[in-house]
Visitor: 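What follows is a single structure, and I will ask about it in a moment.
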Amino acid sequence: MKYSDLLGRTFAAQGAAYDLPADAQEHSRLNIQHDMLKIVVGGLYPSPNLVKKALDPTERDQKCGVLDVGTGSGIWATEMAKEFPFADVVGIDLIDPVNANDVPPNCRFEIGDANFDLGRYAKAFDVVHMRSMTSGIRDFKGALYNVAQTLRLQGVILLVSPSALIYSEKKESLDNQEEGKPGWSAMRALNDATILSTL
């Protein structure tokens with residue numbers, strides 16, 4: 001993957017679907033987002049019973065595997081590897097995680113793009129995690145197909161994609177304001193575009 005610099009920030013090469021920076025500052029922001037999403041989801045992952053069953057080594061005749069698609073800073077993959085030390089955890093993204101600290105030996109990071117074939121990972125994982133990926137996916141249905149091919153029998157896909165809703169000081173939704181009217185926010189247009197991209 002090639003990188004470009006713009007205004008002192010590092011970005012994935014032009015043509016990459018991901019438009020946000022790919023540097024230490026962005027990874028720090030992603031770590032804060034990670035902590036917020038853990039609060040919203042109620043932990044490191046939703047559906048703990050399904051995840052724990054999928055990663056139960058007594059249920060498998062081979063080592064369990066976890067794939068983190070769009071790993072960003074690598075914090076989710078690192079925490080999963082610590083919680084499940086008997087599982088191989090792989091994080092893929094357009095860039096290497098520049099801030100990844102305290103990475104356990106059962107966790108590794110690779111360059112990869114969910115917009116393209118993930119055939120090298122065919123039937124290699126019991127749990128696949130994708131979150132906050134809507135801005136980096138060109139064809140969401142195609143990406144889900146690619147990701148599903150990486151799952152083993154009875155595997156679990158975790159999709160976490162929060163949308164930002166804007167409220168006034170009076171806790172009234174500003175999402176229903178027309179463009180150009182007081183209180184209008186570009187977040188509504190972004191949310192609408194996100195919903196349309198997943199249809």
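These values consider heavy atoms only, across backbone and side chains, with no hydrogens, waters or symmetry-generated copies.
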Visitor: Kindly write out the residues that satisfy ring pair (Phe, Tyr, Trp, His ring centres under 6.0 Å) with Y121, not counting sequence neighbours, or none if the list is empty.
Guide: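 Scan of Y121 (ring pair (Phe, Tyr, Trp, His ring centres under 6.0 Å), adjacent residues dropped) gives F125.
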Visitor: Do K82 and D102 sit within salt-bridge range, that is, some charged N less than 4.0 Å from a carboxylate O?
Guide: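 Answer for the salt bridge query: yes.
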Visitor: More than 12 foreign heavy atoms under 6.0 Å from CD of E110: is that the case here?
Guide: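 Enclosed: over 12 neighbouring heavy atoms sit under 6.0 Å from CD of E110.
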Visitor: For the pair R131 and D68, evaluate salt bridge (Lys or Arg N to Asp or Glu O under 4.0 Å) and give the outcome as yes or no after the intermediate values.
Guide: CA-CA 9 Å; R131 74 172 177 204; D68 185 19; over 6 Å; no
Visitor: Side-chain contact test, heavy atoms from C-beta onward, threshold under 4.5 Å: evaluate it for V147 versus I157 and give yes or no.
Guide: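 Touching, per the 4.5 Å side-chain cut-off.
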Visitor: How are the rings of H129 and W76 set to each other: parallel, tilted or perpendicular (split at 30° and 60°)?
Guide: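 Taking W76 first and then H129, their aromatic rings lie parallel (interplane angle under 30°).
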Visitor: Within a strict 4.5 Å, meaning less than it, do heavy atoms of the L118 and I92 side chains meet?
Guide: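 L118 reaches I92 side chain to side chain.
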Visitor: Under 4.5 Å between any side-chain heavy atoms of C64 and D88, yes or no?
Guide: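 With C-beta onward as the side chain, the pair stays apart.
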Visitor: Around atom CZ of F86, are there more than 12 heavy atoms of other residues, nucleotides or ligands at under 6.0 Å?
Guide: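 Count over threshold, so yes.
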Visitor: Give a yes or no on this: more than 12 heavy atoms of other residues, nucleotides or ligands lie within 6.0 Å of atom NZ of K63.
Guide: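 Yes, enclosed.
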Visitor: Any chance you could measure T78, atom OG1, to H34, atom NE2, to the nearest 0.5 Å?
Guide: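 Between T78 OG1 and H34 NE2, I get 9.0 Å after rounding to 0.5 Å.
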Visitor: Passes side chain to side chain contact (heavy atoms under 4.5 Å, CB included), V103 versus F109? Steps please.
Guide: CA-CA 10 Å; V103 178; F109 300 103; 4.0 Å; yes
Visitor: Do V66 and E83 make a side-chain contact, defined as non-hydrogen atoms from C-beta onward lying under 4.5 Å apart?
Guide: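 A side-chain contact under 4.5 Å is absent here.
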Visitor: Test your reading of the model: is there a side-chain donor-acceptor pair from N106 to the backbone of A81, 3.5 Å cut-off?
Guide: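 At least one qualifying donor-acceptor pair exists.
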Visitor: Using side chain to side chain donor-acceptor pair (under 3.5 Å) as the criterion, list what pairs up with Q33, not counting sequence neighbours.
Guide: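 Checked Q33 against side chain to side chain donor-acceptor pair (under 3.5 Å); matches are R29, S132.
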Visitor: Once rounded to the nearest 0.5 Å, what's the spacing between atom CG of D126 and atom OG1 of T150?
Guide: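 D126 atom CG to T150 atom OG1 measures 10.0 Å (nearest 0.5 Å).
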Visitor: Hey, what do you get for OG1 (T71) to CG (L30), rounding to the nearest 0.5 Å?
Guide: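 Spacing of OG1 (T71) from CG (L30) equals 9.5 Å.
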Visitor: Same cluster for V69 and V90 if Ile/Leu/Val/Met/Phe/Trp/Tyr side chains link at under 4.5 Å?
Guide: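 Linked within one cluster.
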Visitor: Are V160 and M130 side-chain neighbours, meaning at least one heavy-atom pair lies under 4.5 Å?
Guide: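 No. Closest side-chain heavy atoms not under 4.5 Å.
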Visitor: So how far is it from L67 CG to L151 CG, rounded to the nearest 0.5 Å?
Guide: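 One finds 8.5 Å between CG of L67 and CG of L151.
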Visitor: Once you round to the nearest 0.5 Å, how far does CE of M80 lie from CD1 of I75?
Guide: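 One finds 13.5 Å between CE of M80 and CD1 of I75.
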Visitor: Applying the 4.5 Å side-chain criterion to the ILVMFWY set and letting contacts propagate, would L37 and L44 be lumped into a single cluster?
Guide: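 Unlinked, L37 and L44 end up in two clusters.
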Visitor: Would a 4.5 Å heavy-atom cut-off, applied to side chains only, mark L144 and L159 as touching?
Guide: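 Touching, per the 4.5 Å side-chain cut-off.
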Visitor: Quick one: pull up CD in E79 and NZ in K38 and give me the separation to the nearest 0.5 Å.
Guide: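 Separation between the atoms: 4.0 Å.
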Visitor: Flag the pair L158 / V128 as yes when at least one side-chain heavy-atom distance between them is below 4.5 Å, and no otherwise.
Guide: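 No, every pair of side-chain atoms sits at 4.5 Å or beyond.
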Visitor: According to a hydrophobic-cluster definition based on side-chain heavy atoms being under 4.5 Å apart (Ile, Leu, Val, Met, Phe, Trp, Tyr only), do L55 and L50 belong together?
Guide: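 The answer is yes; both residues are in one hydrophobic cluster.
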Visitor: Is there a side chain to side chain contact (heavy atoms under 4.5 Å, CB included) between K123 and Q149 once you walk through the steps?
Guide: CA-CA 6 Å; K123 295 183 171 102; Q149 301 310 304; 5.9 Å; no
